Asks: 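Okay, here's the structure, questions in a sec.
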Amino acid sequence: MPRTLLGIESSCDDTAAAVVCDADDPENRILSSVVVGQNELHAGFGGVVPEIAARAHAEKLDVAVQQALDAAQTRLSALDGIAVTAGPGLIGGVLSGVMLAKGLSAGSGLPLIGVNHLAGHALTPRLTDNLPYPYLMLLVSGGHCQLLCVDGPTQFRRLGGTIDDAPGEAFDKTARLLALPQPGGPSVEDTARHGDETRFRFPRPLLDRPGCDMSFSGLKTALLRARDGCIAEHGGLRETDRADLCAGFQAAVRDVLAEKTSRAIAHYLESAPAAPWLAVAGGVAANQQIRAALESKAREQGLQFTAPPLRLCTDNAAMIAWAGLEKSATEAPDGLDLSARPRWPLDSTAAPMLGSGKKGAKA
Ligand code: KG4
Ligand code: ZN
């Protein structure tokens with residue numbers, strides 16, 4: 001008999017609830033997955049406003065949970081537990097989810113399972129593809145960028161990550177500097193299609209240093225200078241300038257991610273995994289050039305490659321329910337003293353990363 005959990009996610013700007021079971025066939029696992037976005041609430045502010053996000057989560061979470069239960073044609077009393085994102089993320093949002101989950105757990109008597117949001121992303125390839133441990137994961141989104149060796153449901157080794165901005169954040173800033181629509185990833189990718197990536201040679205930060213750490217904050221300064229150079233030369237930005245700037249920027253991000261991932265692959269292979277896999281997750285995994293570069297590095301170095309479907313790469317509660325299923329198979333549930341943690345590194349032995357992304361604390 002499969003076990004079934006309710007998952008709750010509210011760590012950033014998506015209010016999400018899902019019902020997921022541990023059926024053998026991945027096709028039969030997600031019984032429902034509801035995501036209520038908040039884009040329009042934050043649109044006028046150029047980024048996520050934590051207080052607005054927290055209030056919207058508090059208003060929408062119970063509705064999302066009821067929708068998820070209805071869509072799965074089930075009731076709370078028929079489930080085996082409640083998994084909730086307990087961090088890392090924006091504290092007000094995480095608190096909203098944790099308080100709701102505690103209330104539901106106290107009222108129903110169901111076990112409560114606090115889940116690390118990043119573990120949700122990192123375990124998604126097991127939900128979708130039954131990937132065997134250990135596998136290598138590049139988690140790359142608007143708020144996160146980490147290379148992880150995933151050894152078990154709560155065992156992660158961080159091989160590297162960004163020391164400042166996340167790549168998605170850099171795409172968003174680039175779009176803002178070039179007056180392209182948000183979110184920046186898709187609009188920069190589109191504009192880059194007609195561009196010449198060799199016209200502007202943007203820096204590839206930290207490639208000259210050993211290791212898998214990355215940096216993307218210097219790229220936006222380089223882009224700003226190149227943009228202002230174009231404006232000074234031609235009295236404004238021409239379409240070709242915009243396309244070449246986007247292509248040059250995208251190529252720089254692609255090259256850094258591909259090279260650092262390649263180094264992480266070499267490190268991962270030293271432990272001689274029986275079935276080596278590279279998985280990528282997060283919104284930036286939607287970028288075709290970046291995805292193709294990662295896939296080709298993986299293949300060159302003898303790994304299989306997977307990227308979950310985009311709706312499961314971006315924030316959702318199905319991944320939280322799944323991480324809860326995996327965690328609760330080996331660990332005792334949490335008590336009603338479960339705390340919300342704005343910072344919660346996956347690998348507590350790794351040195352903390354510097355900086356903090358636009359969408360909350362890095363971990
Ligand atoms: O995973 P996600 O939905 O949210 C979190 O950050 O948690 O990722 C959103 C980020 C945004 O910064 C967006 O610009 C970026 O992913 N993104 C892309 C593409 N599609 C979305 N970046 C590059 N290329 C894309 N096609
Ligand atoms: Zn996320």
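Atoms considered below: every heavy atom in the structure, side chains included; atoms not considered: hydrogens, waters and symmetry mates. This structure is a prediction, so every number in the text was calculated from the model and none was measured. Remember, it's 1-based here, ligands and their atoms both numbered in the order they're listed.
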Asks: Going by distance only, is there an N or O of G283 that falls short of 3.5 Å from an N or O of ligand 1?
Replies: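 Looking only at distances, the answer is yes, because the N/O contact criterion of under 3.5 Å is met.
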Asks: Would you tell me whether Q289 and R254 have side-chain atoms, one donor and one acceptor, within less than 3.5 Å of each other?
Replies: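 Distance-only check passes for Q289 and R254.
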Asks: Which ligand 1 atoms are under 4.0 Å away from a heavy-atom of G168?
Replies: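 Numbered from 1, ligand 1 contributes 12 (O), 14 (O).
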Asks: Main chain of G114, side chain of D334: is a donor-acceptor contact present, judged purely on distance under 3.5 Å?
Replies: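 At least one qualifying donor-acceptor pair exists.
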Asks: Can D70 and Q66 be counted as having a side-chain donor-acceptor contact under 3.5 angstrom?
Replies: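 Yes, because at least one side-chain N or O of D70 sits under 3.5 Å from a partner of the opposite role on Q66.
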Asks: If we only count N/O pairs under 3.5 Å, is P183 in contact with ligand 1?
Replies: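 So ligand 1 has no N or O lying under 3.5 Å from an N or O of P183.
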Asks: Hey, is D165 close enough to K220 for a salt bridge, meaning N to O under 4.0 Å?
Replies: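 A salt bridge links D165 with K220.
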Asks: Just checking, is any N or O donor in the side chain of E259 or T261 under 3.5 Å from an acceptor N or O on the other one?
Replies: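 There is no such pair between these side chains.
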Asks: Looking at ligand 1, does C12 have a heavy atom less than 4.0 Å from it?
Replies: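 Not so, C12 does not reach ligand 1.
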Asks: Taking 4.0 angstrom as the limit and counting only heavy atoms of T314, give me the atoms of ligand 1 inside it, by number and element.
Replies: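 Every atom of ligand 1 under 4.0 Å from some heavy atom of T314: 1 (O), 2 (P), 3 (O).
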Asks: Would you mind running through ligand 1 and noting each atom that sits below 4.0 Å from a heavy atom of G142?
Replies: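 With G142 as reference, the close atoms of ligand 1 come out as 5 (C), 6 (O), 8 (O), 9 (C), 10 (C), 12 (O).
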Asks: Using a strict cut-off of 2.8 Å, how many protein N/O/S atoms surround the Zn ion (ligand 2)?
Replies: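 Every protein N, O or S atom under 2.8 Å from the Zn ion (ligand 2) counted, the figure is 3.
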Asks: What atoms of ligand 1 come closer than 4.0 angstrom to any heavy atom of E189?
Replies: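 Those atoms are 25 (C), 26 (N).
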Asks: Indicate whether the side chain of R126 and that of Y133 have a donor and an acceptor atom separated by less than 3.5 Å.
Replies: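 Yes, Y133 and R126 have a side-chain donor paired with an acceptor closer than 3.5 Å.
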Asks: Report yes if N287 has an N/O atom closer than 3.5 Å to an N/O atom of ligand 1; otherwise report no.
Replies: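 Indeed, backbone or side chain, N287 has an N or O that close.
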Asks: If you count the atoms of ligand 1 from 1 in the order shown, which ones are under 4.0 Å from a heavy atom of G143?
Replies: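 So the answer, numbered in order with elements, is 6 (O).
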Asks: Quiz question: by atom type and distance under 3.5 Å, do the side chains of N316 and E9 form a donor-acceptor pair?
Replies: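 Not at all, the side chains of N316 and E9 share no donor-acceptor pair under 3.5 Å.
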Asks: Hey, does L5 have a side-chain heavy atom less than 4.5 Å from the side chain of I113?
Replies: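 Counting from C-beta outward, I113 and L5 do come under 4.5 Å.
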Asks: When you compare the side chains of T306 and D129, does any donor N or O come within less than 3.5 Å of an acceptor on the partner?
Replies: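 Yes.
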Asks: Counting distance only, does the side-chain N/O of R157 pair as donor-acceptor with the main-chain N or O of C149 below 3.5 Å?
Replies: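 Such a contact is absent between R157 side chain and C149 backbone.
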Asks: Within the structure, does D172 bring an N/O atom to less than 3.5 angstrom of an N/O atom in ligand 1?
Replies: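 Among all N and O atoms of D172, at least one is under 3.5 Å from an N or O of ligand 1.
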Asks: As an exercise, identify every atom of ligand 1 less than 4.0 angstrom from a heavy atom of D315.
Replies: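 This gives 7 (O) as the contact atoms.
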Asks: Between the side chains of H117 and D315, does any donor sit under 3.5 Å from an acceptor?
Replies: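 Result is yes, a qualifying pair exists.
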